[in-house]
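Heads up: the structure comes next, in structure tokens.
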Amino acid sequence: MTILAPNSVQARDIASVVHPQTNLVTHLTQGPAVIERGDGIFIYDDSGERFLDAAAGLWCASLGYANERLAKVAYEQMRRLGYYHFYRSTTNEPGVDLAEALLRIAPVPMSKVLFQCSGSEANDTAIKLVWYYHAAIGKPEKRKIIGRRMGYHGSTSASISASGKSDMHADFGLPFPGFLHTEYPHYYRHHDEGETEEQFASRMADALEALILAERPETCAAFIAEPVMGAGGVILPPATYFERVQAILRKHDILFVVDEVICGFGRTGNMFGTQTFDLAPDIVTVAKALSASYVPISANLVSNAIYDILLAQSDKLGIFGHGYTYSSHPVSAAVALETLKIYEERDIVAQVRRVAPRMQAGLRSYADHRLVGDVRGVGLIGAIEIVRDKATKQSFEAKAAVAAFLVRRAQHHGVILRSMPGDIVAFCPPLIVQEGEIDEMLAGFGKALDDTAVMVRDKGLA
Ligand SMILES: Cc1ncc(COP(=O)(O)O)c(C=O)c1O
């Protein structure tokens, strides 16, 4: 047990805070890690130790830390107008500028932008808009939301219902009725022997259609998907997957909500994952890198068809009855706008394309390691799946927590990575990462992998 000084930040934290996504019992005895500051792609803890943040916080710190321009813009906007709302036809310029900028770079032509504060709220809003749309066009029965097993769309009651994370449903009495989950396209884990990516993608699409038919298409409102699934294990769509899925959605008149919360703003080597995988969304949700995560802000980009309904309904009902106190908070909007300017000036997409091959090739250089089952990724997001037996793809027992051990060792070697269920280690450095820093990240991972191999051997796990 760690002994903590009574007045330390850790001790005060334990006495006062409930942490998200944390084992609260372990937290009582081990206490939190205290992060004091950041600089570029590095963060520093309370003992001054430096870590390369290869997780970009939570897949989000796209411009790294201590960006002076973003700090100055926030300060100046706070002095000019630190808060005002967007309700009842009230506006402010940063919000308008940001909406225009988003519509300019939208991956498909979009009509309007709605602002919220987080990825969860954006997806929650998308679900409400889908319900509202179908009700308004005389199809009130069309309400079911289809997500994917292991998909993640946020923590609000509706966005976690759309998510396929049973660990986040347990004992909350969720998902809500009317939220369905189809199989997720994890080719490495779930393809049959000899099945090509295309055949596997067709099987996944057929499963989606079977679900829709079993539930009755006239009750199915929308399908929500991340272009690359993040928290579900960095799952890339197998070849032809989205092509097949989108044909089915069109056939059954089901809206497509694309969750760009991780993929948006360059992560996959295009401005949006929608472009990388040739998607045709009705609603796009963005958050995280929208403001480089310096302030909370998210947005929904909606199609003409959806906006036309909002307009018609306002005429009928007297108001568009949705919004938040902080919808388009002027400070958040100003910081997000500056973030988009920085992306443009630095040509962030070109930067990602320049350095991504180094990361992807570096990850793949571990493919022959006996603990490595699969290596996958696109742009500056990737994953390595650790296995007990390479030939059979057999995993270690979950309780051995092998990937969690690896991530702890990586931290010991100065690199922050993220482990996920299924012994998956994710790589998602800030978009400004340079090639030398990618090498440093890979070297830290390599040492941690060697440490893990020794641990597995010593404990007789393999
Ligand atoms: C794809 C995706 N959607 C939505 C969310 C939820 O975003 P937030 O935590 O900002 O509510 C996340 C968070 O990790 C995410 O990865």
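We count ligands from 1, going down the list as the structure has it; atoms in each ligand are counted the same way. Since the structure is predicted, the reported quantities are computational estimates derived from the model, not experimental observations.
- In this structure, Lys288 counts as a contact residue of ligand 1, since one of its heavy atoms falls inside 4.0 Å of the ligand.
- Only backbone heavy atoms of His153 (N, CA, C or O) come within less than 4.0 Å of ligand 1; its side chain stays farther off.
- Contact atoms of ligand 1 toward Ser120: 6 (C), 7 (O), 8 (P), 11 (O) (distance under 4.0 Å to a heavy atom of the residue).
- The distance from ligand 1 to the heavy atoms of Ile262 drops below 4.0 Å at these ligand atoms: 16 (O).
- Remark: Arg37 is positioned above the aromatic ring of Tyr44, its terminal NZ or CZ atom under 6.0 angstrom from the ring centre and at most 45 degrees off the axis.
- Using a 4.0 Å cut-off between charged nitrogen and carboxylate oxygen, Glu209 and Lys251 count as a salt-bridge pair.
- In this structure, Leu52 and Ile416 have side chains that are not in contact, with every pair of non-hydrogen atoms separated by 4.5 Å or more.
- For atom 2 (C) of ligand 1, the nearest non-hydrogen atom of the protein is Tyr152 O, 3.3 Å.
- If you number the atoms of ligand 1 from 1 as listed, the ones under 4.0 Å from a heavy atom of Glu226 come out as 1 (C).
- Within the 4.0 Å heavy-atom shell around ligand 1 one finds Asp259.
- Using a 4.0 Å cut-off between charged nitrogen and carboxylate oxygen, Lys139 and Asp253 count as a salt-bridge pair.
- When the shell of 6.0 Å around OH of Tyr84 is examined, it contains 12 or fewer heavy atoms from other residues, nucleotides or ligands.
- Below 3.5 Å of separation, one finds an N or O of Gly119 facing an N or O of ligand 1.
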Please assess Glu100 against Leu103 for the test side-chain contact (heavy atoms from CB on, under 4.5 Å), listing each intermediate value before the final yes or no.
CA-CA 5 Å; Glu100 284 178 350; Leu103 291 174; 5.9 Å; no

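- Against a heavy-atom cut-off of under 4.0 Å, Ser118 is close to the following atoms of ligand 1: 10 (O), 11 (O).
- Between the side chains of Thr156 and Ser120, no donor-acceptor pair of N or O atoms lies under 3.5 Å.
- Salt bridge annotation for Glu385-Lys393: absent, with no cationic side-chain nitrogen under 4.0 angstrom from a carboxylate oxygen.
- Residue, atom and distance of the protein heavy atom nearest to atom 5 (C) of ligand 1 are Val261 CG1, 3.8 Å.
- Atoms of ligand 1 lying under 4.0 Å from any heavy atom of Asn123, numbered from 1 in the order shown and given with element: 3 (N), 4 (C).
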